[in-house]
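Data block below; observations after.
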2 protein chains.
Amino acid sequence: MSEKVTIYDIAREAEVSVSTVSRILTGNAPVNPETKQKVEAVLKKYDFRPNRAARNLSNQRSTMIGVILPDITNPFFSTLFAEMQHYAIAKDYSLLLFNAMNSLELESEGLAYLSRHQVDGLIFLGGRVNEITPPAAYQQEIAEVSAKVPTIIVNGTMPDVDAVTVCTDEQSGIAQVVDYLTALGHTRIGLLGGSDHITVTRNRQHAFREEMARLDLGVNESWLITDGFSIESGEKVLEALLQLPEQPTAVIAINDLVALGILKSARRHHIDIPNQLSVVGFDDVYLAAVSTPELTSVSHNYESFGHTIVETIVNRIKGKDVPTSIMIDMQLVIRDSCQSPTVR
Amino acid sequence: MSEKVTIYDIAREAEVSVSTVSRILTGNAPVNPETKQKVEAVLKKYDFRPNRAARNLSNQRSTMIGVILPDITNPFFSTLFAEMQHYAIAKDYSLLLFNAMNSLELESEGLAYLSRHQVDGLIFLGGRVNEITPPAAYQQEIAEVSAKVPTIIVNGTMPDVDAVTVCTDEQSGIAQVVDYLTALGHTRIGLLGGSDHITVTRNRQHAFREEMARLDLGVNESWLITDGFSIESGEKVLEALLQLPEQPTAVIAINDLVALGILKSARRHHIDIPNQLSVVGFDDVYLAAVSTPELTSVSHNYESFGHTIVETIVNRIKGKDVPTSIMIDMQLVIRDSCQSPTVR
DNA sequence: CTGTTAGCGCGTTCAT
DNA sequence: ATGAACGCGCTAACAG
């Protein structure tokens, strides 16, 4: 793989010393314009690429940023990853991905894996950082790693860990949804999906209760049903909802996959959406735009989300000061899955 | 990031030479069991991890395998990637992913990117290797890279390029679908989606014609409608089909996303699936199992698919002989989107 | 079986 | 502004 040509080769051919070549390559020191021209000619003659391993060894860094996430198959993560990679490469960093296959245990292997690779930074999405009370051992692992390498936790937290958190403004996102639904005339609203031990569930439920209270609307606690984050979970929570004596006229799903499950289950029960029930998703993954009906959802701005994450970790790596906590806006995207409640 | 301890440190503490430590680390030479015990004690006392950059520099390799694919957001690619990563790590290799965002141009950047990283091997999925007549420049790029680093092309080809190809047996997959549909009583079958300039489209159309011919069934060429590979494409091709004077009783979609689009469009037109039209997908992505109705599809065995790809590239990297072309079985997965044609 | 030593390719003081 | 020389951490050839 390596083009066997080294800086010695081009130094010889350009009749200068290796240090001069190195200086030109790194731009870390002034070089006479003329000799610079001469060397650069040789450089491009051989299409020279400095050896990465040697450079890493000398620099004591890898210019790689590790990413641990629970499931690259999930459109939320894959979309965000794609954006992050785009910006990372633009900033001359590489993203090394570890897919934990939804296993908190495997995340430990991921930590070891990325450690072995001496990544310069670490981005942790989902998984253990989303646990409301993570096992001490898991917490300890992250604490150790983050003590050595700049770490940023996305949409999660980890007590006693020195990491920057970048979160999307779920509070505002949920508030926007509630405002939208109530403006349509809904007062009976449910919040479906998620898991009780996961922070995003708690956060969104909390935001929901707050906004409902602000509008002087009551929350029917039996309409907060948790089960998980998958399409299957969405099917189940709607089934559960239908068992209840009373039903809401609108439901907010913890994420789009759950919303899609709700849509699927509703079809089976011949419940017309949005006519009989309004449904709102969360995350605005690309599937939201192609479901039937197309799903109204709360969107992360994936581009600026990914940009901010990478920007932040790079700044931390370079030792710049960065806020310990960053918030990204969310935005309601209105499609076809909601309407005013019909009088029944 | 690096635990400042080196093999010199442990050599000193274990009272041996660095080479002995190195030998133990690599297992490349016999070491006295006793001294081995002694050293290993020190090794784990410090939880020693050899510096990767140094090792790479010395070994002239990176133990990284580059992966270029068009869209990590596509469940086919993300699922396959997850499997490949799993096996790669088990074999002590790392996968460095480059997501080309559906741009053939960006693939060139990806090639350069992975080249810079001196990956030991390259896996190319989709994109230019799927073009029936790729631009010469693109072909040239891959030829140059594959001359230096073992390359494997998945479900595609590239003329005049020294690369191993690993393909799934689309021929058999399509045949299984046709056999299944005809066994149900269908004789009027269409094949929807894909693009004319893409090999998989051509291959599957070819397989379709062959199997239909083998069964003495005619192919209505107007029922082969191409548009693309997305959900939106699926919607469009069904719309186009409905414009035709005659319609098939069953359609095979070029992939599951197209099939999902067909399902969506059918709902809008109040076409009951499978009652009025049977639909079969291809790839068996996880969405197939959660659509309404659940989609009958042809499945790659993702696990053995990913395993084979990684196994093959690793063997090539190690200089072992590998077949230049490998075929992976596909398997029909029957769900709810097909039934016997109703008499109309 | 073990120790010594010379690279691997590049960045970087320290002189000049 | 430029060059000589050393260090980064590890492997492997060469002695012993």
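Below, each value reflects all heavy atoms present in this structure, side chains not excepted, and no hydrogens, waters or symmetry copies. Letters go in sequence order (proteins before strands), and every chain restarts at 1.
- Regarding contacts with the backbone of D:dT11, a side-chain N or O of B:Ser22 is found under 4.0 angstrom from either OP1 or OP2.
- For A:Arg49 against C:dG9, a side-chain-to-base donor-acceptor contact under 3.5 Å is absent.
- Between the P atom of C:dG9 and the CG atom of B:Asn51 lies a distance of 16 Å, rounded to the nearest Å.
- Put simply, A:Thr35 has a side-chain N or O that comes within less than 4.0 Å of OP1 or OP2 on D:dT2.
- In terms of heavy atoms, A:Ala53 sits closest to B:Leu57 at CB-N, 3.7 Å.
- What separates CD of A:Glu15 from C1' of D:dT2 is a distance of 14 Å, to the nearest Å.
- As a whole-Å value, the separation of B:Tyr8 OH from C:dT4 P is 11 Å.
- For the helix from C:dC1-D:dG16 to C:dT16-D:dA1, the end axes, each set by the C1' atoms of five terminal pairs, are bent relative to each other by 40° (nearest 10°).
- You'll find the side chain of A:Val39 stays beyond 4.5 Å of the side chain of A:Lys36, heavy atoms only.
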What's the verdict on side chain to side chain donor-acceptor pair (under 3.5 Å) for B:Asn51 and B:Thr6, showing C-alpha distance, side-chain angles and the deciding distance?
CA-CA 8 Å; B:Asn51 181 300; B:Thr6 76; over 6 Å; no
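- Residue-to-nucleotide proximity on DNA chain D shows that, of A:Ser58 and B:Val18, the 5′-proximal contact is made by A:Ser58.
- Toward the 5′ end of DNA chain C lies the nearest nucleotide of B:Pro30, the other residue of the pair B:Pro30 and A:Thr20 mapping further downstream.
- Going from atom CD of A:Gln118 over to atom C1' of D:dC8 covers 11 Å, rounded to whole Å.
- Within 4.0 Å of A:Asn28, counting heavy atoms only, lie sugar-phosphate atoms of the nucleic acid but no base atom.
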Can you check side chain to side chain donor-acceptor pair (under 3.5 Å) on B:Ser62 and B:Gln118, steps first, answer last?
CA-CA 6 Å; B:Ser62 64; B:Gln118 282 139 298; over 6 Å; no
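- Counting non-hydrogen atoms under 4.0 angstrom, A:Val16 reaches the backbone sugars and phosphates but no base.
- Atom pair B:Asn59:CG and D:dC8:P shows a separation of 20 Å (rounding to whole Å applied).
- At the phosphate of D:dG9, neither OP1 nor OP2 sits under 4.0 Å from any side-chain N or O atom of B:Arg52.
- Side chain of A:Asp71 to backbone of A:Thr73: a donor-acceptor contact under 3.5 angstrom is found.
- Distance A:Arg23 CZ to D:dT2 P: 8 Å, rounded to the nearest Å.
- Side-chain N/O atoms of A:Gln60 include none lying less than 4.0 angstrom from OP1 or OP2 on D:dG7.
- Atom-to-atom, OH of B:Tyr46 to C1' of D:dG9 comes out at 17 Å; the value is rounded to the nearest Å.
- Contact check on B:Glu15 versus B:Lys38 returns no salt bridge, with no Lys/Arg side-chain nitrogen under 4.0 Å from an Asp/Glu carboxylate oxygen.
- Counting atom types as modelled, B:Ser19 pairs a side-chain N or O with a base atom of C:dT4 as donor and acceptor under 3.5 Å.
- Evaluated for a side chain to side chain contact (heavy atoms under 4.5 Å, CB included) with B:Ile65, the options B:Leu96, B:Leu114, B:Ile123, B:Leu97 yield exactly one hit, B:Ile123.
- Using a 3.5 Å distance cut-off with no hydrogens or angles, the side chains of B:Thr63 and B:Arg55 do not pair a donor with an acceptor.
- As a whole-Å value, the separation of A:Ile7 CD1 from D:dA4 P is 13 Å.
- Within the structure, every side-chain polar atom (N or O) of A:Ser17 is placed at least 4.0 Å from both OP1 and OP2 of D:dA4.
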